[in-house]
Amino acid sequence: MKLIQSLKELDFTKENILCKPIAFIPTMGALHEGHCALVKAAQKNGAFTLVSIFINPLQFNNIEDLKNYPRTIESDLLALENAGTNAVLIPSHDELYNAGIQDIQVDLHDLGERFEGKYRPSHFNGVIQVLFRLFLFIKPNSVYFGQKDLQQCLVVRQLLDQEFQDICFHMVPTHREESGLAMSSRNTLLSVDDRKNAAEISKSLFALRGNIQNFHADRRTQIAHLKSKGIVTEYLNWVHLPTLENASLLDTNSQHALVFAGYIGTVRLIDNIVFNLE
Ligand code: PAF
């Protein structure tokens with residue numbers, strides 16, 4: 001696995017890739033099996049796998065969240081090596097943000113105001129600005145993102161549609177712990193008890209999915225149940241894709257999702273499931 005610590009080195013590496021397509025997996029480190037699944041998915045498609053690790057300050061709307069974000073570079077590199085990653089890029093803040101690249105404006109329509117856009121103002125702008133720069137420098141053939149950040153996937157698709165039509169987008173299903181808890185870098189911030197209770201989030205989502213015609217009544221029950229486990233719900237909605245507008249049984253032509261965000265203590269967790277109406 002090649003370690004690339006500057007964008008200049010990246011150019012040199014790209015010259016030596018011998019015409020393989022580049023599959024790019026952007027991350028902020030604190031890697032878990034879900035990230036490795038992205039690498040594996042890219043390998044299956046025969047690409048040169050390039051993972052970036054960069055904690056992007058611009059996408060944190062809360063300074064405490066940025067400070068507390070887990071930093072585990074040594075174990076990250078080991079995990080990537082074990083997953084068979086071809087190269088890891090660790091760019092500097094200066095290279096990305098002080099190289100004279102102008103910020104990009106992407107029209108997110110209402111997507112930017114809903115859910116994560118509403119509760120984390122400026123978050124998606126930060127994600128867009130860093131990905132815009134990384135995509136410009138790397139010029140990947142394909143990119144891989146995890147479904148756990150469903151709204152981020154939809155935002156990235158807008159960025160690609162508007163600026164990088166040649167890059168192929170892949171969304172890889174959420175990796176879950178045995179308990180059902182969606183894997184997340186933030187799970188390491190949970191106490192043992194909170195981690196056990198946090199597994200109730202996916203259980204609630206699957207229970208709602210199982211009785212979707214009764215969603216509105218069941219939603220209240222599930223929110224109360226989660227509260228009894230110490231989880232404060234920020235949103236729990238039934239929506240359809242790709243707009244994330246509220247869904248109903250009448251929307252038979254689009255994919256549906258149940259989306260959740262909430263706090264357990266000070267840790268904010270998100271999860272979702274995507275499904276079709278039978
Ligand atoms: O999902 C993440 O880890 C980040 O939002 C990303 C895509 C690496 C951009 O900083």
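Indexing begins at 1, ligand by ligand and atom by atom, following the structure's order. Only this structure's heavy atoms are used, side chains among them; waters, hydrogens and symmetry mates stay out.
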Sub-4.0 Å atoms of ligand 1 with respect to non-hydrogen atoms of T27
8 (C)
So if I count the atoms of ligand 1 from 1 in the order they appear, which ones are less than 4.0 Å from some heavy atom of V130?
9 (C), 10 (O)
Does R209 come within less than 4.0 Å of D218, counting only side-chain N to carboxylate O?
no
Below 4.5 Å, heavy atoms only, C-beta onward: do E9 and K2 meet side chain to side chain?
yes
Using a 4.0 Å heavy-atom cut-off, which part of V156 comes near ligand 1: side chain, backbone, both, or neither?
neither
Run the contact test for F54 against ligand 1 with a 4.0 Å cut-off on heavy atoms, strictly below, and give the result.
no
Hey, which atoms in ligand 1 end up nearer than 4.0 Å to a heavy atom of F145?
7 (C)
With heavy-atom distances below 4.5 Å as the criterion, would you say the side chains of Y144 and T49 are in contact?
no
Out of Q59, H35, M28, who is nearest to atom 10 (O) of ligand 1 when you count heavy atoms only?
Q59
Give, for atom CD1 of I104 and atom CZ of F135, the distance between the pair rounded to the nearest 0.5 Å.
12.0 Å
Note: ligand 1 atoms sitting under 4.0 Å from heavy atoms of P26 are 8 (C)
Indicate, with yes or no, if V127 and I55 share a hydrophobic cluster defined by side-chain heavy-atom contacts under 4.5 Å among Ile, Leu, Val, Met, Phe, Trp and Tyr.
no
Would one find an N or O of Q152, backbone or side chain, under 3.5 Å from an N or O of ligand 1?
yes
Would you check if there is a donor-acceptor pair between the side chains of N56 and Y69 at a distance under 3.5 Å?
no
